[in-house]
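Reminder, nothing fancy here: chain letters follow the sequence lines and each chain counts from 1. Predicted model, so just to flag it, every value in this text is computed and none were measured.
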Amino acid sequence: MMKTLLVIVMCAAALSGIALSSPILTARSQPQPQPAPADNVEKGRLGFVRVGCAQCHGREAQGSPTSGPRLGPNGLPYPAFARYVREPRLQMPPYTGKILPDADLADLYAFVQSRPKAATPPALQ
Amino acid sequence: MRRAAAVSAAMAAPAGVAAQSATPAASTAAPESSTTEAEPLTGGRAGSDFMVDTIKALGFEYICANPGSSFRGLHESVINYGGNEKPELLTCMHEESAVAMAHGYFKIEGKPLAVMAHGTVGLQHASMALYNAWCDRVPVYLLLGNTLDATMRAPGVEWVHSVQDAAAMVRDYTKWDDTPMSLPHFAESAVRAYKIAMTPPYGPVVIVADSELQEHPIADHHGALRVPQLSLAAPPQADSGAVAEAARLLVAADSPLLIADRLARTPAGLARLIELAELLQAAVISTQPNSLPPIAAGRMNFPNRHPLNQTLRSVAAIADADLIAGLEIANIYGATHIFRDQLERTSRPATKAGVKLITITAGDLSVKANYQDFQRYVEADLSMAADGEATLPALIEAVRRLITPERRRAFDARGAKLADASRLVLERARTDAAYAWDASPISTARFAAEVWQQIRSEDWSLVNGNLSGWPLRLWNFDKHHQYIGVSGGSGIGYGMPASVGAALANRKHGRLSVNIQNDGDMMYAPGVLWTAAHHKIPILTVVHNNRSYHEETMHLQRMGNRRNRGVDRAHIGNEIDNPAIDYAKLAQAMGWYAEGPIANPNDLGPALARAIAAVKRGQPALVDVVTQPR
């Protein structure tokens with residue numbers, strides 16, 4: 001029955017666009033995870049569902065207005081992506097290295113970056 | 001007395017007759033009246049006939065009920081004495097569905113439906129739906145059966161179905177109730193209840209119709225038995241001085257923002273908000289289901305494609321505002337703050353320093369203590385306890401008088417900027433919708449686009465569902481009946497029955513009712529599918545089937561990650577799968593045209609077209625769509 005709460009918490013990132021592009025994130029001094037190897041896209045696809053990213057961002061990382069923004073293609077640079085996953089500024093659940101090792105995180109990034117561009121937008125009258 | 005006679009008659013019935021299924025001891029007892037004159041076994045006009053006179057006088061078109069013995073007299077009077085017309089009895093399979101149907105009906109028709117229920121178990125079933133109506137400020141007119149006189153109750157079930165104070169259970173979230181002790185008392189209270197329910201802020205009311213009062217022949221009331229005249233109250237308007245001050249603040253503001261939630265009670269409310277917004281060239285946030293903040297999902301207040309509509313960039317619009325006017329908004333705190341749900345829950349202003357805040361809401365006139373639907377306290381600069389729609393004409397005129405040519409030029413420049421911003425976010429939304437266009441399960445954006453393609457040339461009415469906010473982005477809402485808001489109390493089980501009620505109201509207007517139905521919500525009381533088929537209520541239901549209580553899945557993810565345990569098991573207790581429910585078969589079993597499950601997006605459009613054709617033939621139709629989680 002707790003419908004409204006998660007609506008509140010998930011939508012901040014979805015609609016504002018503030019958190020994912022915040023300079024605060026990129027200014028933090030933390031160990032920089034290495035860029036993802038390109039050949040881990042399939043592992044990333046599986047991980048994207050297994051660790052629950054798909055629940056808010058969709059199975060194709062396409063995003064949803066009410067739960068989580070589109071992640072790829074042409075999303076954040078990997079360091080900013082990784083930092084946000086570890087220490088989300090807004091509503092996203094935090095993913096520590098224990099539940100999402102760096103290698104798996106890199107696979108996720110490879111997957112979201114590999115997503116195809118949008119089709120032709122729907123014609124709307 | 002009549003009840004006692006019936007019991008005596010049953011005792012005297014021959015062996016094998018059903019009426020003799022009383023206790024074995026009873027069969028040896030002598031009839032109470034056997035030594036005196038014969039008791040009358042039939043009577044003339046009953047009390048419940050007069051109750052029906054009263055109900056008819058109030059203009060109810062329908063009365064919803066799941067049958068119950070505590071209102072058997074009233075039931076019989078509705079269908080026989082009343083001819084089952086105005087009101088016509090609608091057979092419901094759950095009291096929660098009956099109340100939710102009344103809820104949805106009102107939001108289209110602007111008139112309440114009556115509902116009958118047992119005062120005990122029926123009301124217990126109905127209570128969640130009543131809470132939704134209370135939170136959503138919708139008048140539901142509930143008649144409860146009960147047997148107050150203990151000596152008149154049949155042994156057994158009638159005792160467990162009787163209660164001293166039937167309405168007590170829901171008094172925290174109903175506007176008024178009474179337990180009339182005579183027919184004149186019933187008539188007066190029934191009319192009073194209607195008046196109270198229909199005075200903004202609207203709300204549900206309860207009248208207890210005692211079974212003895214229903215079933216006794218009408219006694220001689222010495223000419224006093226009449227239905228009082230109904231005089232509806234004019235809605236409360238704000239104080240003229242406060243309106244003048246609000247107008248001064250609005251005209252002086254550089255970046256005013258109007259946020260409307262349950263403002264437009266009628267189509268006139270929508271027209272008046274457009275007039276005010278255009279007069280000021282002010283930004284508007286409205287009709288924003290399931291978005292951040294979830295503040296303005298109550299009614300269709302403002303066209304979604306109007307250039308001044310800033311709903312899709314609400315965070316920026318709120319941050320930019322130097323004056324915010326909350327119009328019938330229940331959660332003004334949520335609108336002006338950003339809440340963060342991490343291990344330490346925090347809240348911070350979403351507004352800039354020094355922002356002025358005006359509120360106009362009749363909700364301030366109807367606050368109770370126990371249930372916390374009144375939301376967090378806000379520090380308003382000007383607060384008016386008044387109906388928003390009724391106050392808008394005076395506010396518009398006050399604003400008009402204050403606008404100078406200089407301010408007009410500033411307003412026009414502001415409006416042009418807002419129009420550009422609105423156009424950009426709408427274009428971006430269309431681009432966003434095209435990602436994962438061919439995905440299976442079907443993306444919620446593709447789902448919304450396919451439905452729009454099929455309905456856009458119809459006179460349509462979205463009677464339930466938000467589909468992750470995509471209709472607001474992809475459809476064109478500009479009529480009051482095209483959106484009727486959310487449940488109010490977020491009590492699950494609202495969607496399907498409220499849609500059927502709204503579709504009942506839309507039927508006589510020839511509108512295509514569209515229900516985007518969440519799967520979990522649907523399974524609370526799916527018997528309403530049968531009600532729709534039985535009463536030939538045409539409606540298109542498209543199931544947003546993500547095979548889970550998805551909101552709760554996300555809650556579990558939050559808990560699992562916060563505790564460093566991960567999300568791998570978050571589906572436990574939340575998924576609706578293994579087996580997957582076949583909603584098309586469920587609907588077909590209850591007399592609907594139905595197709596699905598559909599997981600290929602290219603199959604969706606043709607299936608919707610076939611379903612709409614069935615709806616146009618007068619049949620309810622369902623398409624089950626397997627979707628992405630959100």
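- B/Y435 and A/K117 make their closest contact through CE2-C, 3.9 Å (heavy atoms, listed as atom of the first residue, atom of the second, distance).
- At least one side-chain heavy atom of A/P88 sits less than 4.5 Å from a side-chain heavy atom of B/Q342.
- By the 4.5 Å heavy-atom criterion applied to side chains, B/R473 and A/P65 are counted as neighbours.
- The line from CZ of A/R59 to OG1 of B/T627 is 10.0 Å long, rounded to the nearest 0.5 Å.
- Counting non-hydrogen atoms of other residues, nucleotides and ligands closer than 6.0 Å to CZ of B/R562 gives a total above 12.
- No side-chain heavy atom of B/S443 sits less than 4.5 Å from a side-chain heavy atom of A/E60.
- When all heavy atoms are compared, the tightest approach of A/T66 to B/G469 is CG2-N, 4.0 Å.
- Distance check: A/C53 SG to B/Q557 CD gives 8.0 Å after rounding to the nearest 0.5 Å.
- Here the closest non-hydrogen pair linking B/R340 and A/Q91 is CA-OE1, 3.2 Å.
- The CZ atom of B/R563 sits 12.5 Å away from atom CD1 of A/I99, with the distance rounded to the nearest 0.5 Å.
- Taking the side chain as every heavy atom from C-beta outward, A/Q55 and B/R630 never approach each other to under 4.5 Å.
- Side-chain contact between A/P116 and B/W437: absent, with no pair of heavy atoms (C-beta onward) separated by less than 4.5 Å.
- For the atom pair B/I338 CD1 and A/L90 CG, the distance stands at 7.0 Å (nearest 0.5 Å).
- For B/A316, no part sits under 4.5 Å from any heavy atom of chain A, backbone or side chain.
- Proximity to chain A is absent for every atom of B/R446, based on heavy atoms less than 4.5 angstrom apart.
- Residues B/P629 and A/A54 share a closest heavy-atom pair of CG-O, 3.5 Å.
- For the pair A/M92 and B/R558, the tightest heavy-atom approach, listed with the atom from each and the gap, is C-NH1, 4.4 Å.
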Check against side chain to side chain contact (heavy atoms under 4.5 Å, CB included), A/Q62 and B/Q628: CA-CA 10 Å; A/Q62 75 271 19; B/Q628 297 269 320; 3.2 Å; yes
